[in-house]
There are 2 protein chains.
Amino acid sequence: MYADSARALFRDDLAEGLALLKPLVLPPLARPDGMTTHDYAFNRLRQAIMVGAFRPGTSVTIRGLAEALESSPTPVREALRQLTSIGALQFLENRRIVVPHITPARFEELISLRIALESHAARRAITHLSERQIEKIAAIDDSIETEIRGGDKVAALIANQAFHRMIYTANPDPVAMPLIESVWLQLGPILGIAMEHVTELYVVDRHREAIDALRRRDEGAVADAIAADIREGIGGFDQQAVARLLRLAA
Amino acid sequence: MYADSARALFRDDLAEGLALLKPLVLPPLARPDGMTTHDYAFNRLRQAIMVGAFRPGTSVTIRGLAEALESSPTPVREALRQLTSIGALQFLENRRIVVPHITPARFEELISLRIALESHAARRAITHLSERQIEKIAAIDDSIETEIRGGDKVAALIANQAFHRMIYTANPDPVAMPLIESVWLQLGPILGIAMEHVTELYVVDRHREAIDALRRRDEGAVADAIAADIREGIGGFDQQAVARLLRLAA
DNA sequence: TTTCTGAAAATGTGATCACAAAAAGAGATT
DNA sequence: AATCTCTTTTTGTGATCACATTTTCAGAAA
């Protein structure tokens, strides 16, 4: 596996990183026609980071990624630069490019920021949601449970994100969504750790509550449900367990 | 002025754009030692957009900026790509790079997002603020009034941003600050329009209220003061007047 | 005057190269 | 065995170039 590429894709955790990256980033997402190399690289990396393919502290290289994506340094560097702008990566002083480390305090800040942003976005979405859209949201919620019961952690995570995204993007001017995804990206690497250590997934979310509140067009109840949902867990992961894990890692 | 450069820096509003850009972006900020060309370009453009140097819809070119910044396309393109990630610019389908247009609805969304984000950040900052820092914040508030009375719109704007930034960055893990600045960037172009049309600046902010609340460590009062401050105006600009202006422009 | 057409210019994209800084590694020294 | 030193390799940076697409604009046609 190492000899496959002349250069290392990752400096640390090479095997694990590759193992996670390969299915997530390399084969599945074919490049659509008309998509630039840069956009392709950006979206692949973004998606990989958001679902926890990279552990905190992992460092990547421009040439390594260019090779993995069968491209050249220029578009990859642009993609990496963009990812730093949204907190997904970090260019260090010594020119190393790493996935940011997360302290327990930072983790708490990010969760609290998620609550502020997403309860706000949920409130703002209510008036724009049609009945049909709400039913779609409920359908996505069902698929989350299916994935959790099936034990596919990454799929559960993605479905959970889709659930939240579907609500917030009902707003025709979804200015909050990019910021919310920035926070998700910063939490991604933690989820990667969680996925390695947590074997049991729990279906304890507040999605039903949120959906009911959406149907009633009850702003306060929606915001409360979303806040509680975030506070308690992330797509099958128990929040407290993740926090504990983080303290151990630090 | 036009003949100075072989290529146009802006496609539209060339004269106005240059007039605003020159003092803000070109001469003053000298490139510090050790700062890369890319970082320099990024920071200059970012600052220029944040204080309203570019009107909505203005389009820029990579080569034009590279020439203006005495650099080459590569680092400038990276800077522009980063700016799109934080909502300051937009790469259109036809490969044009523009400052995003803003609809009245989007404007309202951004203001409401500012309130959600900044009242949250203010709450989170309270426990980390020392007495000395609060006095510094009060000093910045004084300088805002000075600038407003002096009639320097850009300086007033920058001082106002410094006031808010000083509060939010007291938090040792300021995860919200980059997101807040992203919103500021998206509002920047509107401020540019406001600065062109508004002649009178008002010193009607809630800063004193906010500072008092900070001294009392009163979370709710701080959040309320910040929310009211944002709702009513931006660094000397009356919010309602700006909204009216925007409806006219649309 | 307006609209259409085709050539010329401009522009974003991505690959490549030279360069300096940093990291890695081999071998000697303590 | 641990530390230091010097060479080699790797890596980010920025400039340049070729290419395809888009825009611009002059001139013809209606």
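Proteins come first, then strands; the chains are lettered A, B, ... in the order of their sequence lines, and each starts at number 1.
Counting to the nearest Å, the P atom of C/dT13 and the OH atom of A/Y40 are 18 Å from each other. Rounded to an integer number of Å, the gap from CG of A/D33 to P of D/dT21 is 13 Å. Taking atom CZ of B/F42 as the reference point, atom C1' of D/dG14 lies 18 Å away to the nearest angstrom. Atom CD1 in A/I62 sits roughly 19 Å away from atom P in C/dC19 (whole-Å rounding). Atom CG of B/L69 is separated from atom C1' of D/dA15 by 15 Å (rounded to the nearest Å). When rounded to the nearest whole Å, the span between CZ of B/R63 and C1' of D/dT21 equals 12 Å.
Of the candidates D/dT13, C/dA24, C/dG12, the closest approach to any side-chain atom of A/F91 belongs to D/dT13. Distance from the side chain of A/N94 is smallest to C/dA22 among D/dG14, C/dT11, C/dA22.
Two residues are said to be in side-chain contact when any heavy atoms from C-beta on lie closer than 4.5 Å; A/V98 and A/L89 fail this criterion.
A donor-acceptor pair is defined here as one N or O able to donate and one able to accept, closer than 3.5 Å; no such pair exists between the side chain of B/D39 and the backbone of B/M35.
Scanning atom types as modelled, no donor and acceptor separated by under 3.5 angstrom connect the side chain of B/R96 and the base of C/dG12. Put simply, the side chain of B/R95 and the base of D/dT21 share a donor and an acceptor less than 3.5 Å apart.
Below 30°, between 30° and 60°, or above 60°: for A/H38 and A/F42 the angle between ring planes is below 30°, a parallel geometry.
Regarding contacts with the backbone of C/dG14, every side-chain N or O of A/S71 stays at 4.0 angstrom or more from both OP1 and OP2.
The side chain to side chain donor-acceptor pair (under 3.5 Å) search around B/S112 returns A/H120, A/R124, not counting sequence neighbours.
For the atom pair CZ of B/R81 and CD of A/Q82, the computed distance is 6.0 Å after rounding to the nearest 0.5 Å.
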Enumerate, atom names and distances included, each donor-acceptor pair closer than 3.5 Å involving a side-chain atom of residues 173-185 of chain B, sequence neighbours excluded.
{"from": "B/E181", "atom 1": "OE1", "to": "B/R46", "atom 2": "NH2", "distance (Å)": "2.3"}
{"from": "B/E181", "atom 1": "OE2", "to": "B/R165", "atom 2": "NE", "distance (Å)": "2.7"}
{"from": "B/E181", "atom 1": "OE2", "to": "B/R165", "atom 2": "NH2", "distance (Å)": "2.7"}
{"from": "B/S182", "atom 1": "OG", "to": "B/I86", "atom 2": "O", "distance (Å)": "2.9"}
{"from": "B/S182", "atom 1": "OG", "to": "B/Q186", "atom 2": "NE2", "distance (Å)": "3.3"}
{"from": "B/W184", "atom 1": "NE1", "to": "B/E118", "atom 2": "OE2", "distance (Å)": "2.9"}

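Relative to the ring axis of A/F91, A/R96 does not place its NZ or CZ within 45° and under 6.0 Å from the centre.
Judged by closest nucleotide on DNA chain C, A/T37 is the one of A/E93 and A/T37 placed further toward the 5' end.
Near DNA chain C, meaning a heavy atom under 4.0 Å from it, residues 72-88 of chain A has A/S72, A/P73, A/T74, A/P75 in order of number.
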